[in-house]
2 protein chains.
Amino acid sequence: MPMKPTDRKTEIINVAARLFKEKGYSAVTVRDIAQAMNIKAASLYNHIQSKQEILVLIVITIAEEFTTVMEEVQQSEASAIAKIERIIQLHIDITLRNPDALACLNNDWMHLEQEADLKYFLKMRTDYEENFRQIVKEGVRNGEIQHHNPEVIIFSILSTLRTLYLWYNKTKSLSENTLRNDMRNVLLNGITINAR
Amino acid sequence: MPMKPTDRKTEIINVAARLFKEKGYSAVTVRDIAQAMNIKAASLYNHIQSKQEILVLIVITIAEEFTTVMEEVQQSEASAIAKIERIIQLHIDITLRNPDALACLNNDWMHLEQEADLKYFLKMRTDYEENFRQIVKEGVRNGEIQHHNPEVIIFSILSTLRTLYLWYNKTKSLSENTLRNDMRNVLLNGITINAR
DNA sequence: ATCGTAAACTAACAATTGTTAGTTAAATTA
DNA sequence: TAATTTAACTAACAATTGTTAGTTTACGAT
């Protein structure tokens with residue numbers, strides 16, 4: 001009864017995610033992954049079933065994490081702005097914890113080969129955006145949020161949060177608290193001073 | 001003296017850009033590109049030198065376009081906010097005109113194989129961000145822009161503008177004017193109503 | 001000590017990749 | 001009309017791809 005049954009597998013997945021982040025799933029060969037682990041390519045197959053399995057595990061795991069929290073948020077009694085604040089912090093959390101997997105989710109989901117995997121992922125993604133849309137619309141309705149096109153609002157906030165992993169390196173000069181606080185302010189209140 | 005010396009080549013580049021957008025440079029084969037043009041793969045080489053040449057032409061052309069306009073903006077006498085407004089419109093312009101090439105620029109620049117090409121691209125990108133940074137800092141200094149971390153401001157705006165191509169399809173319900181206007185307002189003034 | 005298993009290895013495969021050589025048909029120019 | 005160019009084709013190549021088979025090594029449990 002081993003204590004860490006899939007430890008080596010997890011290592012492979014983490015190394016692969018880092019490589020996928022840099023060059024994308026298609027440009028990374030199983031030999032690249034093996035070399036990064038100082039083993040031969042064939043040895044990987046003692047732990048994984050296929051290169052594709054690695055991608056599935058990376059993408060689906062993170063997607064499910066987002067889905068779980070979004071469902072909590074949606075069912076809460078908080079105001080629309082408070083809900084969006086919670087979503088902003090969720091994205092920052094996951095970005096700080098696992099930027100590589102997040103890059104993979106963003107850039108390589110279309111390389112999911114099994115139709116079931118792709119469908120499952122796309123449903124989670126669509127539902128996530130739809131939940132976000134409902135929150136924005138609710139906020140506009142009850143006067144918390146300015147009367148702009150909801151699509152523009154959703155996409156403006158989500159695209160920033162989704163690509164945060166790209167800037168994580170550069171923001172090492174930046175403290176986590178400043179990131180969390182300023183990001184929230186910029187996304188919610190904008191950057192201008194006049195009219196305020 | 002042909003009127004359109006590289007017409008067929010341009011077709012190839014446009015078709016390739018569309019495919020690159022969907023699957024990424026590495027996952028698209030020259031046979032895919034040929035099939036999309038209803039010819040055989042070998043026939044492509046009557047017009048192009050290599051698959052890599054296609055990528056270079058797509059990426060460098062768009063990058064130079066951004067660079068040219070950014071240099072104009074930087075040298076103008078406009079206010080910081082007016083400069084940022086101009087940059088927002090620039091991104092929307094190019095996104096509406098050539099979303100495929102823009103996707104390629106964003107996702108596939110790391111597959112530039114020649115060191116000279118990669119260096120040239122990265123210099124343009126770094127300079128672009130540095131110019132943006134100077135505009136933001138100037139705006140903070142003279143009281144146009146709120147006192148947040150400049151990196152957060154830059155990245156929040158740029159990441160939205162750079163991934164606009166991802167949402168272009170969905171915003172077909174949206175008029176171009178609404179997009180331009182609401183995008184400007186959301187990015188500059190945020191979305192909240194209170195405190196205003 | 002021995003057994004069993006985990007995890008590495010070498011060697012090889014079939015398929016796919018970007019690309020080249022050489023050819024042919026159609027269109028343009030002289 | 002003859003000559004030349006454009007742009008397609010077929011066939012093939014060498015390299016790289018993900019993956020499998022079969023083997024070896026090290027180590028914890030019996």
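In this text the structure is predicted, and so the values were computed from the model without any measurement.
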> Counting only side-chain nitrogens and oxygens, does Lys51(A) get under 4.0 Å of the OP1 or OP2 atom of dG18(D)?
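So the side-chain polar atoms of Lys51(A) do come within 4.0 Å of the phosphate oxygens OP1 or OP2 of dG18(D), strictly under.
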> Would you say dC9(D) has OP1 or OP2 under 4.0 Å from some side-chain N or O of Ser43(B)?
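Ser43(B) to dC9(D) OP1/OP2: side-chain N or O found under 4.0 Å.
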> Using whole Å, report how far OH of Tyr45(A) lies from P of dC9(C).
15 Å
> Check whether any side-chain N or O of His47(A) sits under 4.0 Å from OP1 or OP2 of dA6(C), and answer yes or no.
no
> By nearest atom, which of the nucleotides dT20(D), dG18(C), dA7(C) is closest to the Arg8(A) side chain?
dA7(C)
> Name the closest nucleotide to the Ile39(B) side chain, picking from dC9(C), dC9(D), dT19(C).
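Nearest listed nucleotide: dC9(D).
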> His111(B) NE2 to dT17(C) P: how many Å, rounded?
15 Å
> Without decimals, in angstroms, what is the distance between Lys9(B) NZ and dA7(D) C1'?
15 Å
> Give the intermediate values and the outcome of salt bridge (Lys or Arg N to Asp or Glu O under 4.0 Å) for residues Arg141(B) and Glu138(B).
CA-CA 5 Å; Arg141(B) 215 182 307 120; Glu138(B) 178 198 332; over 6 Å; no
> Just to verify, which of Asp108(B), Asp32(B), Asp100(B) counts as forming a salt bridge (charged side-chain N to carboxylate O under 4.0 Å, His left out) with Lys23(B)?
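The single option meeting the salt bridge (charged side-chain N to carboxylate O under 4.0 Å, His left out) with Lys23(B) is Asp32(B).
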> If you check every side-chain atom of Asn46(A), which of dA8(C), dA7(D), dG18(D) has the closest atom?
dA8(C)
> In whole angstroms, how far is the P atom of dA8(D) from the CG atom of Leu44(B)?
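So the two atoms are 9 Å apart, to the nearest Å.
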> Working note: Lys123(B) + Glu64(B), criterion salt bridge (Lys or Arg N to Asp or Glu O under 4.0 Å); need CA distance, chi angles, decisive distance, verdict.
CA-CA 11 Å; Lys123(B) 172 157 175 47; Glu64(B) 287 176 341; over 6 Å; no
> In whole angstrom, give the distance that lies between atom CD1 of Ile48(B) and atom P of dA7(D).
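So the CD1-P distance, Ile48(B) to dA7(D), works out to 14 Å.
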> Measure from the side chain of Ser50(B), starting at C-beta and using heavy atoms only, and say which of dG18(D), dA21(D), dT19(C) lies closest.
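Of the candidates, dT19(C) comes closest.
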> Salt bridge check: are Arg97(B) and Asp93(B) linked by an N-O gap of less than 4.0 Å?
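A salt bridge is absent here (no side-chain N lies under 4.0 Å from a carboxylate O).
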> Distance check needed: dT16(D) C1' versus Asp32(A) CG, whole Å only.
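After rounding, the gap between these two atoms is 11 Å.
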> Rounding to an integer number of Å, can you tell me how far Gln35(A) CD sits from dG18(D) P?
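The answer, rounded to whole Å, is 13 Å.
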> Under 4.0 Å between any heavy atoms, over every strand shown, what does Thr29(A) touch: base, sugar-phosphate, or nothing? Just pick one.
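Contact class for Thr29(A): sugar-phosphate only.
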> Answer whether the closest heavy-atom distance between the side chains of Asn149(A) and Ile153(A) falls below 4.5 Å.
no
> Between dT19(C) and Arg31(B), is there an OP1 or OP2 to side-chain N/O distance shorter than 4.0 Å?
no
> Report the nucleotide, chosen from dA8(D), dG18(C), dT10(D), that has the shortest atom-to-atom distance to any side-chain atom of Lys40(B).
dT10(D)
> Which whole-number value in Å describes the distance from Lys23(B) NZ to dT16(C) C1'?
12 Å
